[in-house]
Amino acid sequence: MTEAIRFFLDGEEVEARPGETIWQVANRRGTEIPHLCYSPAPGYRPDGNCRACMVEVEGERVLAASCIRKPQNGMKVNTASESAKSARKLVFELLVGDQPDRKEAHDPDAKFWQWADKLDVTDSRFPGADAAPEKDFSHPAMAVQLDACIQCNLCVRACREVQVNDVIGMAMRGHAEKIVFDFDDPMGSSTCVACGECVQACPTGALMPATQVDLHTGVFAAAPDRKVDSVCPYCGVGCQLTYNIKDDKILSVTGRDGPSNQNRLCVKGRFGFDYVHHEDRLTVPLIRREGVSKHDVDIDPENPLTHFRRASWEEALEVAAKGLARIRDERGGDALAGFGSAKGSNEEAYLFQKLVRTGFGTNNVDHCTRLCHASSVTALIEGIGSGAVTAPFMAAQDAEVIVVIGANPTENHPVAATFFKNAVERGAKLVVMDPRGQALKRFSTHMLQFKPGRDVAMLNALLNVIVTENLYDQQYVQANTQDFEELKEHVKDYTPERMEEICGISADELRTVARLYARSEASIIFWGMGVSQHTHGTDNVRCLISMALTTGQIGRPGTGLHPLRGQNNVQGASDAGLIPMVFPDYQSVETPKIREFYEDLWGSKLPGKRGLTVVEIMDAIHDGKISGMYIMGENPAMSDPDVGHAREALAKLDHLVVQDIFLTETAKYADVVLPASAWPEKDGTATNTNRQVQMGRKALPLPGEARQDWEIVAQLANRLGLNWTYTHPRDVFAEMTKAMPSLANITWERLEREHSVTYPCDAPDQPGHEIVFGNGFPTETGRGRLVPAAIIPPAEEPDAEYPMVLTTGRQLEHWHTGAMTRRAQVLDDLEPEAVAYMAPADLRRLGLNGGDRMRVATRRGHVELVARADYAVPTGLIFMPFCYAEAAANVLTNPQLDPFGKIPEFKYCAARVEPLREAAQAAE
């Protein structure tokens, strides 16, 4: 262990922790030292180039930059000597000389001007720059005014070393030196991904959110009048952030030092919040007009109330509850179903599933996990007894080998991706496995671009090498696993040489990667919907579990299994029981003792058979078995596979209640529409992909007559005969801690104080366990189960009529079905129209160019959209984002289900592409 260093700071003996600089010690002890080129945020190295943090070290003839100077035993440092203060003041006076006039400062509250005020530097004796650089307002999110740039290089480090996007650099030499984007391109034309890290790092206002600048004059336009700390409502990373609010509107957003983001944000988390102020917000309850058919959903966008009439809350709740109660009482609870949301809070998810089970009398309750990671949860519970991740994504920093399969983190989990890139820069080896190329390919040691739908063949080949070459950890296997001999016998025939032709990866590469993963001291696996959204998705995950268990790559720092969650609270909603076959904490609805526990807790008789899943519910509607639904915050008319089938089901319902913030594609089929709360308008907790339970805080008033989601659920429950008396989400959370052992030692008050707590947690004053299963698994035997997986081909293969493969996913700028991000101005400006990505060779073969309109068709339907050439897409493959309502990808997707996880095969179906002119001629 490194010995502590003792030195004198302003005459007082102090102790420096290992690696600390003088500035860090002073800051920790409350001594302020000016700084401009240094950021105390995690991930930023000190540079020492601005010289604003100079201190005097006795016995030395020159002053030292405290941000880079480390103390030595016995050193005497004076932070407030006249020479140190004079040097700092001179630095600021020189810099002020090159700044715009203070009255015209781009950001009067910037760190630079705060320090200038503290040092009493208001003007300068020195001449300024000869000519100011041109302003650059080419980017829809950020304003660039380099006349305020002091060349501190913080933006360069933010872009290159923290977010690792490599867009910003320095060009020219001497007096002509300047910040540039790529090859001195306008920011809006560069490869910038709009994470905004540079804006947050800039100390002068040279880089700012466009919302705070008058884009005609470049003058500072607005400052927040209050700030509220919360957590991001987009992907499962769970970034902590601060809303900067003016006049009850979100002006801008900054990242906080949360455990999963360390101040970092992505384009959605930083610039994607104005959807809450959009004119499309639902502000009053709506009831379908009499005589208006649900099959007629072509609502005039200029007059969306054509099919609905306004109603009071009393009438809307009464109509909603009476319709649901009538079906329950006449046909039984199983004639009803509910879709909850992973976009809301834990408390809302818990109340929703409780309402369906106790108020409807059925387990027909599900949410989007069925469409993203149901197969992952199924395999994980089967294999290791838990559906949650075994280690956070930050564990990548301790890994020797990082495997990313079936995921595109730079687009779907951008902040998590920064930690992977940081790890590679520190020396970790990255293995990327995906049919599509992606940005992480540039950082990878190995890129296994396998044939679509052939995951199991590739993974079994890796297992074959691990087993046949005795690369498995024999002691770990004997002590911690079961059924190894069955797995060993199964993978015997899956040699790399045999699998090479099936998966498209050479035998040598398969052997190299298997050896790399198995022999490393610490290997960790991350996967996304590219693994789970197949008819063989559960088998894919079984293979990944077997790789980790056979090699002992689990339960230690830098090891583990991590399915990257897609929505902000899909982990929490699943934990809370928003699943048809389990109560909260994944307790089976079919086990009598478990059911009795929840009957006692909830004071209600509960159904004992598992309910139907998302796709099964739609089929049951068509079969006449379900005639009423309650949908909160979900959009199955966009998110279900074969949405034509889903939309027909919604139109067929006798009674549909939809609770949402916009009149979504699903809400257009409703009998009653209840206006709900957006994430910045509510208090509540959410659980991210790392098992971190975090506090979201109300920052804005509700628009019009909209109400809190949890209140709406409770009011409907009481109209259905339940006697709920909750007064605040904290009351719901308190009940959840009784229903969910996973939340032991986590209280509402603790979350308000600490913002984030990881479960499981051993004591109220202890941090939670980030890495779990170091001492066995929560299974009946305490061992992990090794489950062999045979090759199952995709449910639908290409043929002469449909010769290509269609796969779907997300774009960086948009999220889920686009209900929020398509109404966020910056995000929609960046990606405004529906596109499909194809290999340039395929486009040329079809006589298409990038930007041409085309038709993509499958056996279920067709859509028309714009072609985009992408060299990362292999020939024969079409990639479509599923966020565009005008060209809904799920019109095309195959609803065939994984037999275990009941998840649809979104990632593979046969398709064809036609230039639009030819498609029109064929239609004629």
Side-chain angles (χ1 to χ4, degrees), residues 36-37 39 44-45 47 49-50 94-95 97-100 104-107 110 112 127-220 264 266-267 270-271 410 414 418 421 425 439 442-443 812-813 826 829-831 850-851 868-872:
L36 294 175
C37 73
S39 171
Y44 285 83
R45 63 171 175 80
D47 214 28
N49 68 38
C50 75
L94 287 165
L95 293 173
D98 274 344
Q99 287 291 304
E104 299 175 358
H106 307 318
D107 183 2
F112 175 84
D130 296 333
E134 290 186 11
K135 301 179 187 300
D136 177 6
F137 298 151
S138 60
H139 198 285
M142 294 168 281
V144 181
Q145 301 184 89
L146 295 183
D147 55 340
C149 179
I150 59 173
Q151 298 178 9
C152 65
N153 266 343
L154 266 177
C155 62
V156 177
R157 278 170 278 158
C159 190
R160 286 186 174 177
E161 299 173 18
V162 178
Q163 292 272 352
V164 200
N165 289 322
D166 298 328
V167 178
I168 304 178
M170 294 290 290
M172 315 299 283
R173 290 289 183 270
H175 190 64
E177 189 176 35
K178 65 175 183 174
I179 294 290
V180 295
F181 303 94
D182 290 339
F183 294 101
D184 203 9
D185 299 314
M187 191 185 208
S189 302
S190 72
T191 57
C192 171
V193 296
C195 69
E197 186 79 26
C198 58
V199 169
Q200 185 158 318
C202 180
T204 66
L207 298 167
M208 287 189 67
T211 50
Q212 292 187 250
V213 175
D214 183 327
L215 299 183
H216 295 291
T217 64
V219 175
F220 181 73
R264 309 171 196 199
C266 76
V267 60
R270 198 178 299 275
F271 301 115
T410 52
T418 67
K421 292 184 281 188
E425 291 196 324
R442 180 164 67 92
F443 301 89
L812 169 65
E813 294 80 9
V826 166
D829 283 348
L830 291 170
E831 282 291 353
R868 180 172 291 180
D870 187 348
Y871 285 97

Problem set entry | Closest contact, heavy atoms only, Arg160 versus Gly169 | NH2-CA, 3.7 Å

Seminar exercise, completed: Smallest heavy-atom separation, Cys152 atom then Cys37 atom, equals O-CB, 3.6 Å

Problem set entry | Close side-chain approach of Met170 and Val156, heavy atoms under 4.5 Å | yes

Problem set entry | By salt bridge (charged side-chain N to carboxylate O under 4.0 Å, His left out) - contacts of Arg270 (at least two apart) | none

Exercise. Atom CG of Leu830 and atom CD of Glu813: how far apart are they, to the nearest 0.5 Å?
Worked result: 5.5 Å

Exercise. So, for Ala194 and Phe271, which heavy atoms are closest and what is the spacing to 0.1 Å?
Worked result: O-CE1, 3.4 Å

For this session: Measure the spacing between CG of Leu154 and SG of Cys159 and express it to the nearest 0.5 Å.
Result: 12.5 Å

Exercise. So do Cys192 and His139 actually touch side chain to side chain, heavy atoms under 4.5 Å?
Worked result: yes

Exercise. Is a side-chain donor or acceptor of Asp870 paired with a backbone partner of Ala872 at a separation under 3.5 angstrom?
Worked result: yes

For this session: Calculate, to the nearest 0.5 Å, the distance between atoms CD and CZ belonging to Glu831 and Arg868 respectively.
Result: 4.0 Å

Problem set entry | side-chain contact (heavy atoms from CB on, under 4.5 Å) between Asp147 and Lys135, intermediate numbers included | CA-CA 8 Å; Asp147 55 340; Lys135 301 179 187 300; 4.1 Å; yes

Exercise. Are the charged groups of Arg442 and Asp166 less than 4.0 angstrom apart, N to O?
Worked result: yes

For this session: Take atom CD of Glu177 as the centre, draw a 6.0 Å sphere, and report whether it contains more than 12 heavy atoms from other residues, nucleotides or ligands.
Result: yes

Problem set entry | Heavy-atom side-chain proximity of Pro100 to Gln145 below 4.5 angstrom | no

Exercise. Side chains of Ser39 and Arg157: does their closest heavy-atom pair fall under 4.5 Å?
Worked result: no

For this session: Would you name the heavy atoms of Phe137 and Gly218 that are closest together and state the gap between them?
Result: CZ-CA, 3.8 Å

Problem set entry | Atom pair CG (Asn153) and CG (Leu36), whose distance is rounded to the nearest 0.5 Å | 13.0 Å

Exercise. CG of Leu146 to CG of Asp136: how many Å apart, nearest 0.5 Å?
Worked result: 8.0 Å

Exercise. Is there a donor-acceptor pair closer than 3.5 Å between any side-chain N or O of Asp182 and the backbone N or O of Thr191?
Worked result: yes

For this session: Give a yes or no answer on whether the side chain of Gln163 reaches the backbone of Cys195 with a donor-acceptor pair at less than 3.5 Å.
Result: no

Show the atom names and distances, to 0.1 Å, of all donor-acceptor pairs under 3.5 Å that link a side chain in residues 202-216 to residues at least two apart or in another chain.
{"from": "Thr204", "atom 1": "OG1", "to": "Ala148", "atom 2": "O", "distance (Å)": "2.9"}
{"from": "Thr204", "atom 1": "OG1", "to": "Ala206", "atom 2": "N", "distance (Å)": "3.2"}
{"from": "Thr211", "atom 1": "OG1", "to": "Leu251", "atom 2": "O", "distance (Å)": "2.7"}
{"from": "Gln212", "atom 1": "OE1", "to": "Ser252", "atom 2": "OG", "distance (Å)": "3.0"}
{"from": "Gln212", "atom 1": "NE2", "to": "Ala222", "atom 2": "O", "distance (Å)": "3.1"}
{"from": "Asp214", "atom 1": "OD1", "to": "His216", "atom 2": "N", "distance (Å)": "2.9"}
{"from": "Asp214", "atom 1": "OD1", "to": "Thr217", "atom 2": "N", "distance (Å)": "3.4"}

Seminar exercise, completed: Separation between CD1 (Ile179) and CD (Gln151), nearest 0.5 Å, reads 6.5 Å

For this session: Identify which one of Glu197, Gln200, Lys421 satisfies the side-chain contact (heavy atoms from CB on, under 4.5 Å) criterion when paired with Val162.
Result: Glu197

Problem set entry | Partner residues of Glu161 under the salt bridge (charged side-chain N to carboxylate O under 4.0 Å, His left out) criterion, sequence neighbours left out | Arg45

For this session: Show the numbers, then the answer: is there a side-chain contact (heavy atoms from CB on, under 4.5 Å) between Lys178 and Asp184?
Result: CA-CA 9 Å; Lys178 65 175 183 174; Asp184 203 9; 3.0 Å; yes

